[in-house]
There are 6 protein chains.
Amino acid sequence: MRIRVVNPNTTRAMTETIEQCARAVVGPGTLLDAVTAETGPASIESHYDEAMSVPGLLAAIGRGEAEGVDGYVIACFGDPGLDAARELAAGPVIGIAEAAMHTASHLGRGFSVVTTLGRTIGRAADLAQRYGMRRFCRGIHACELQVLDLHTDPRARKIVTEACREAVQADGSDAVVLGCAGMADLCADIRDEIGVPVIDGVAAATLTVQSLLTLGLRKSGTGEFATPPPKTYLGLPGPLRS
Amino acid sequence: MRIRVVNPNTTRAMTETIEQCARAVVGPGTLLDAVTAETGPASIESHYDEAMSVPGLLAAIGRGEAEGVDGYVIACFGDPGLDAARELAAGPVIGIAEAAMHTASHLGRGFSVVTTLGRTIGRAADLAQRYGMRRFCRGIHACELQVLDLHTDPRARKIVTEACREAVQADGSDAVVLGCAGMADLCADIRDEIGVPVIDGVAAATLTVQSLLTLGLRKSGTGEFATPPPKTYLGLPGPLRS
Amino acid sequence: MRIRVVNPNTTRAMTETIEQCARAVVGPGTLLDAVTAETGPASIESHYDEAMSVPGLLAAIGRGEAEGVDGYVIACFGDPGLDAARELAAGPVIGIAEAAMHTASHLGRGFSVVTTLGRTIGRAADLAQRYGMRRFCRGIHACELQVLDLHTDPRARKIVTEACREAVQADGSDAVVLGCAGMADLCADIRDEIGVPVIDGVAAATLTVQSLLTLGLRKSGTGEFATPPPKTYLGLPGPLRS
Amino acid sequence: MRIRVVNPNTTRAMTETIEQCARAVVGPGTLLDAVTAETGPASIESHYDEAMSVPGLLAAIGRGEAEGVDGYVIACFGDPGLDAARELAAGPVIGIAEAAMHTASHLGRGFSVVTTLGRTIGRAADLAQRYGMRRFCRGIHACELQVLDLHTDPRARKIVTEACREAVQADGSDAVVLGCAGMADLCADIRDEIGVPVIDGVAAATLTVQSLLTLGLRKSGTGEFATPPPKTYLGLPGPLRS
Amino acid sequence: MRIRVVNPNTTRAMTETIEQCARAVVGPGTLLDAVTAETGPASIESHYDEAMSVPGLLAAIGRGEAEGVDGYVIACFGDPGLDAARELAAGPVIGIAEAAMHTASHLGRGFSVVTTLGRTIGRAADLAQRYGMRRFCRGIHACELQVLDLHTDPRARKIVTEACREAVQADGSDAVVLGCAGMADLCADIRDEIGVPVIDGVAAATLTVQSLLTLGLRKSGTGEFATPPPKTYLGLPGPLRS
Amino acid sequence: MRIRVVNPNTTRAMTETIEQCARAVVGPGTLLDAVTAETGPASIESHYDEAMSVPGLLAAIGRGEAEGVDGYVIACFGDPGLDAARELAAGPVIGIAEAAMHTASHLGRGFSVVTTLGRTIGRAADLAQRYGMRRFCRGIHACELQVLDLHTDPRARKIVTEACREAVQADGSDAVVLGCAGMADLCADIRDEIGVPVIDGVAAATLTVQSLLTLGLRKSGTGEFATPPPKTYLGLPGPLRS
């Protein structure tokens, strides 16, 4: 069973952290690796960044299909390109916001999301709606750290932890969802610190893909998520060939 | 890691089938067993049956806690007693409708549910609403077989299979959720037969519990799902003692 | 016309208060009595308590049917066992949360609920959703008194009254719904004190049952709420026999 | 206790039927009468008719207030002028669609509405939304009879009955709501004929008003439904004077 | 192309301001005028006022149809009589709340509404629901000025401006919708002052009507909004004659 | 006032048709042109196509900003890249699905959408949800023509027309929304043929942009849609430079 975590931004240091967090949870029979998108933004903090990350992400999925990868995690909390990736891949593709929100819904009546910049709150709200998780999502809060500062700013751990603590207080929620793949390695510490469940979507999505593969579940061959019909793509790196 | 599947009806033969389906999916480090409720109805086909199954289910959870079980599956598609069980148990408790619906939502735009008697459709609809899955649940269909006939009626496999095929056609759905724990062993066959993903909630819930345990996620110690306050319970088998 | 109010907890003193509040509103042609569940918790303050109250409640409904009772009120704000009770009874069964919320919706744009312990807020929210009353329910507030302290704690009346006053202020609501059968006798006083309509579900539900009986309305004989099919129930007091 | 039923159209024969249906259900201590609007359309079958009926309705409410009437029923299924009437009246005002839908929601999982002309379906759908009853309202069906033909067309009883029967079949509903005050006197017959509960809003609303009065519930004196501020009204019969 | 703006209250000074705001935005090929209702309240600040404004509004629409007007704006933020006006008019009729909310939804994730008296908030909320704009409407705020004081109270401009500024802060919204036709001439000033988009419904609705006319879009000739069937209307000024 | 219509696919013939339809509706003071994306798929018929069209679309927006374009139309019914485009552009950007659905909502109670391939139905449903238009959208229907066949297949006009006629029948809707920019030039013919309003999103969006510009409305300078923060983009044509 081969699972690949795709980091849709182009910062390799982040991919390494993500890979460690994903590796820590898979079962002994699962081969897991993580790859970095070859094109796109250094971090994803706007709708524009997200849109520009998608071709690189899809190229990575396309390579994975050629190599026989069984399932994928999209390791950015905006779940960029999820629908398109599902068309390309024969096996399951799960976004980390998707997995984190579903997982949090099993732990109580409601969760809070803590994200990076305030301008990403809207996207998280759209995803909560899309996944049917709006009734569980009690609030989305920004800690106003940039993604790439999460690992370089020495105050980052404390800032995120306090944002989580305040979110739980403000929302009366039962759990916290970390709203950025770059927060994955903070998860256990924050949980210990604030005493409520904290969910890292990278680990959650990796286990969701592993479970779907164990259950033998793959998309239908027909319908909305069937392989897209072949056609001409002008001027783009790595177009799909069917 | 110890996971226990609780069959909330009192039919032991059904527990055996359920246990096999759950065992087939867990990882090598997971100890799994299944138990039968000691009180309650022989099958659950009405709101009355469901209500009367809950004390036996909760007694089983109480025993599990005393024995150090880490997480539980409630193996009836009405997810009876789920909120109360979450109060009793320190670790995760997942219903099979809950797990099946969440799992199906990862596979496409919508799923159909195929249940036993028509009178259980309402409960399934309530659960879809509760879990935020109404936007994915495109239809709930009855095959009008009684639960205990699923394993004794020689036509059962065919009847359920045809109901699944028709549900997918009628709803334009991407997957089928089996609406009864007693259908768990039919899952692979139906999938092969109709060519779309078919989800058995017993296996799905077992893996959801395993994933939550791997992630180290437990409910908050305070709030709605904290251990219930101790008090006097008159005339009931196995009340909780704190 | 015979109406029976069932107190699903086992505290007889509470039943007496409830009976007085219900008697005060029925018409001259209505015979009303109140009964106490013979099994179950002394008060209902958790999902566990609620689940454990249901067999006693259903046994009381079963006895009522044998005695020719025409309609029932379930006198606990969690409306425990409502669906199952509707299957058992030939005539109407109304929960006090159900009746109180519907009644409050006729009085303006929105109401506040004031309940006992904070851990019961979730259940009240679920019921508002179930009854279609979420658009009218502007807030659910706890006064953090235990149910049995409502009649023994000398500060109770003041605490509940102040919680009601603050709820109306915070929510900008037009009415208050009392979130516990044990608050029934406080209703008129609180209304006088805070000057907005205050709804006691016991009285409201009693009149709803009386109205349904006057209108000659009974459930359909077929479908989801038809009498449940007979079957074996192991080890439970008072199973239904058809 | 004085309750007045206002027929907002100007057809007195309809008022008489309505009055009989309302009188049949009130308690011995209730004085009930019905009045006909003095201005407006002969029947209400369009948004235009409904709008033009409101001044006459409000004038009737104004007269009722001067005469000491305690509560009102608006006897047209479009519930015309309900919000304005609640501002004018010190006591409760209930529309027949409002009461019928709430009442039907107590009888099962869903109801069908059978109305007169197809062009009125939209208004009924708006009201179901407004009252939080969309989750209970499974379908709205027209029998394509004009309101005034309900009592003159010899086929009317049969046409409405068959429309009710077909609606229950098509929607899988547990009850039928009659979508016109002019159908009030058909209620018992249709129920006997089709064997499911049938709700007449005139009787249901009358009992709802009676219950609110028994409970001593009146609107708040402040806020959205307070008496409207006095001002100049040009060229209209019977403006409000404060 | 002839567009008529109808002021449904009877204050001619307000009509003049409205006409200027509407004239300022139409294209060179559009003839625009504004008329004042001949019956009804001097301003619309309650459900009662709104109901009493509708006959005068509909009479104005009726006259417009006779004169060959192509489309109409209803210049009161309660959008009174909109459905009935659509039945009467062959061409488009747009309310200013409708147009303002739709327009604001194009400018970001959410808008705030600033209205006059607090008692009108409920109506604005109903309209946001009706138009599908609830997910964009982040808050509705009152500045507690009476409509007719908007042009006479020297502090009005400042009060409304500050209410807009505070609404944006409180709601985190991207735009402000002015909740009264009488605020139309404040629009540009407030925008300059607070630095976020401010929408005046009069101008927005005028352009919406102009666009619909340019697109050649008129209602269907059949169905809910077809011309209402002719009938007798007692005692009302200017009933419709077909 | 300069408006640019961007065709996000790379088929220039389609851009020409689109440009004609847009030009036909703008006012005399409006300069309108249409451009073709320089990279991307020849047509957009899958989530993958849509994702791959976005970089080309955004590059076109970026060039437009440099040239002083005031507002944009995205001329594909999936409204690809809308959020990102709004970040890039100082003025309004409107998608054709967005404009068409809003416009249709002014014409009655509900509309039907007729799109090309069945696999695009899901995207249209997502957009209806996003824009708050789900309550107006009564059905989405595919005519199973490929986008590029719309202008080459001699049967196309007839197939689309019949699909529109059937959609209106099946849904009981008041208007039809054409679900592809490639259908823009069929709009008037279909309307004449089937006798109900038919909306082409290209014309509707062009007028929406023109109206927003006339109203002087531009996004806030801060918040979710502010210009995205500058950063490194690897290997992509035409990255944004701030």
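A, B, ... follow the sequence lines: proteins, then strands. Residue 1 opens every chain.
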task = Select one option (side chain, backbone, both, neither) describing which atoms of B:T120 are under 4.5 Å from chain C's heavy atoms.
result = neither
message = Strictly distance-based, threshold 3.5 Å: is any side-chain N or O of B:E45 a donor or acceptor partner for the main-chain N or O of C:P229?
response = no
task = Could you label the plane-to-plane angle of the B:F225 and C:H47 rings as parallel, tilted or perpendicular, counting under 30° as parallel and over 60° as perpendicular?
result = parallel
Among B:R86, B:Q129, B:E50, residue most engaged with chain C (heavy-atom pairs, under 4.5 Å) = B:Q129
Interchain contact, B:I44 with chain C, by part (heavy-atom threshold 4.5 Å) = backbone
ask   = Roughly how far, to the nearest 0.5 Å, is CD of C:E87 from OH of B:Y48?
value = 10.0 Å
task = Specify which of B:A85, B:A37, B:G223 makes the most heavy-atom pairs with chain C at under 4.5 Å.
result = B:G223
inquiry  = Please rank B:L57, B:T222, B:I121, B:T232 by heavy-atom pairs under 4.5 Å with chain C and give me the top one.
reply    = B:T232
ask   = Does B:R135 CZ have over 12 foreign heavy atoms under 6.0 Å away?
value = yes
message = Is it the case that the side chain of C:K231 and the backbone of B:P41 share a donor-acceptor pair, with hydrogens and angles ignored and the cut-off at 3.5 Å?
response = no
request  = Heavy-atom distances under 4.5 Å only: say whether B:R130 touches chain C with side chain, backbone, both or neither.
outcome  = neither
ask   = Crowded around B:R63 CZ? As in, over 12 foreign heavy atoms under 6.0 Å?
value = yes
note = Among B:D126, B:T10, B:D49, B:L82, the residue with the most heavy-atom pairs under 4.5 Å to chain C is B:D49
ask   = Counting heavy-atom pairs under 4.5 Å to chain C, which of B:L117, B:D83, B:N9 comes out on top?
value = B:D83
